[in-house]
Amino acid sequence: MSKFVPIRQWLLDSIDTGALCPGDAVPSENQLAERFGVSRMTARRALTELVDSGVLERRQGQGTFVAELKAQSALLSIRSIAIEINERGHQHQARVLSLKVLSCPADLAKLLGIATGAEVGFSRILHFENSAPVQLEERFVNLALAPDYLAQDFAAHTPHDYLSAVAPIAAAHHWVEAVAADLAQAGLLDVAEHSPLLKLTRLTASRQGAVSLARLYHPSHYRLGGQLPMTLGDF
């Protein structure tokens, strides 16, 4: 684990528990370096990553403060994470971890409206905002509606971009929950094992049927919000 991670997690935990509230000043780089026994540069990286992700804000000549709560990612407006990150003036990058065919289990087959055991496309992609991992995306895709899914270069464009082009979204369902990071997720998202993650499960459908089910895992400081003006029916 990177040396700055315990500092970042301590700050996030302090915010989550109310020990630090929006508008409160956070300890300086020197104070954090002394508290955690690390270099000032390490402490600066922890603060910078939280500033970049919108959790903290720097005020010229005053220091670093807890930012006011605001949505970082749209919960119900279905948009590409790359667009959201670019609109914040930051750089999006993606690392494709897995791209393959799977045999569809019964519970997933029911949601996608396909036969149990049918082939589905599966992708696992880690999204970065600047250098910080902000989303682990696991997506199951109905290949009958997106037959070329596994041939795409998802380091160049997102699954959302491709699916929106070949099977435009007509409806969506969302489930949001807090989960504990397992060892693999913790390593990828650069957080401590068992740290809280925000999990968004998103089922999307075109007019031809259910297209994909995505499980999106975010570090706990990543905030979601928004509205989606569409009428939902049963898939």
Side-chain angles (χ1 to χ4, degrees), residues 8 11-12 15-16 22-23 26 44-60 64-97 123-139 141 146 149 152-176 178 188-191 196-206 211-230:
R8 186 180 65 187
L11 289 166
L12 291 172
I15 295 169
D16 288 342
V26 302
R44 181 183 302 131
R45 180 175 176 186
L47 291 175
T48 297
E49 291 215 351
L50 292 179
V51 169
D52 287 345
S53 61
V55 177
L56 304 179
E57 61 182 8
R58 287 197 174 101
R59 299 177 188 173
Q60 187 67 33
T64 305
F65 297 80
V66 179
E68 296 297 325
L69 293 177
K70 57 184 178 181
Q72 287 180 286
S73 181
L75 173 58
L76 293 177
S77 60
I78 311 298
R79 304 175 66 214
S80 167
I81 187 172
I83 292 175
E84 294 174 357
I85 289 173
N86 291 335
E87 285 183 351
R88 292 196 286 271
H90 297 160
Q91 182 180 8
H92 168 264
Q93 292 180 314
R95 182 193 306 163
V96 179
L97 306 174
S123 58
R124 196 166 193 241
I125 300 170
L126 187 61
H127 296 275
F128 296 82
E129 184 165 353
N130 294 338
S131 62
V134 293
Q135 184 188 93
L136 176 61
E137 172 189 340
E138 297 179 344
R139 187 181 295 268
V141 175
Y149 185 76
Q152 303 307 304
D153 179 7
F154 291 127
H157 57 264
T158 67
H160 170 83
D161 293 335
Y162 169 72
L163 293 174
S164 295
V166 301
I169 296 171
H173 279 292
H174 302 262
W175 301 265
V176 180
L188 291 169
L189 291 170
D190 206 6
V191 298
L197 299 178
L198 186 63
K199 177 184 177 183
L200 169 63
T201 302
R202 175 180 288 161
L203 177 65
T204 56
S206 70
V211 177
S212 79
L213 184 136
R215 296 168 181 157
L216 311 174
Y217 299 88
H218 306 84
S220 60
H221 58 273
Y222 204 77
R223 302 188 184 103
L224 302 170
Q227 296 181 337
L228 184 62
M230 62 172 64

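At least one side-chain heavy atom of Val141 sits less than 4.5 Å from a side-chain heavy atom of Leu163. Taking the side chain as every heavy atom from C-beta outward, Leu188 and Leu97 approach each other to under 4.5 Å.
Separating the OG1 atom in Thr64 from the CZ atom in Arg58 is a distance of 5.0 Å, to the nearest 0.5 Å. The CG atom of Leu126 lies 11.0 Å from the CD atom of Glu138; values are rounded to the nearest 0.5 Å. Rounded to the nearest 0.5 Å, atoms CG (Leu216) and OG1 (Thr201) are 7.5 Å apart. Taking NE2 of His92 as the start and OG of Ser80 as the end, the distance is 6.5 Å to the nearest 0.5 Å. Rounded to the nearest 0.5 angstrom, Glu129 CD and Asn86 CG are separated by 9.0 Å. Atom CG of residue Leu198 and atom OG of residue Ser220 lie 8.5 Å apart, to the nearest 0.5 angstrom.
Ring geometry for Tyr149 versus Phe154: interplanar angle of 30 to 60°, hence tilted.
Of all heavy-atom pairs spanning Val211 and Ser206, the tightest one is CG2-N, 3.6 Å. In plain terms, the two heavy atoms of Tyr217 and Leu189 that are nearest each other are O-CD1, 4.1 Å. For Gly23 against Phe65, the heavy-atom pair with the smallest separation is O-CD2, 3.3 Å. Here the shortest heavy-atom pairing between Asn130 and Gln93 reads O-OE1, 3.9 Å. Smallest separation of non-hydrogen atoms from Asp161 and His157: OD2-CB, 4.2 Å. Here the closest heavy-atom approach between residue Thr158 and residue His127 is recorded as CG2-CE1, 4.4 Å.
For the pair Arg95 and Phe128, the cation-pi test (distance below 6.0 Å, angle within 45°) is failed.
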Next item on the list: Show the numbers, then the answer: is there a side-chain contact (heavy atoms from CB on, under 4.5 Å) between Leu56 and Thr48?
Entry: CA-CA 8 Å; Leu56 304 179; Thr48 297; over 6 Å; no
Next item on the list: Please assess Val134 against Ile81 for the test side-chain contact (heavy atoms from CB on, under 4.5 Å), listing each intermediate value before the final yes or no.
Entry: CA-CA 10 Å; Val134 293; Ile81 187 172; 4.2 Å; yes
Next item on the list: Just do the side-chain contact (heavy atoms from CB on, under 4.5 Å) check on Arg8 and Val191 with the steps written out, would you?
Entry: CA-CA 9 Å; Arg8 186 180 65 187; Val191 298; 3.8 Å; yes
Next item on the list: For the pair His160 and Ile169, evaluate side-chain contact (heavy atoms from CB on, under 4.5 Å) and give the outcome as yes or no after the intermediate values.
Entry: CA-CA 10 Å; His160 170 83; Ile169 296 171; 4.2 Å; yes
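For the side chain to side chain contact (heavy atoms under 4.5 Å, CB included) criterion with Arg215, the lone passing option out of Arg124, Glu137, Arg139, Lys199 is Lys199.
Side-chain atoms of Asp153 come within 3.5 Å of backbone N or O of Ala155 as a donor-acceptor pair.
The closest side-chain donor-acceptor pair between Arg202 and Ser212, if any, does not fall under 3.5 angstrom.
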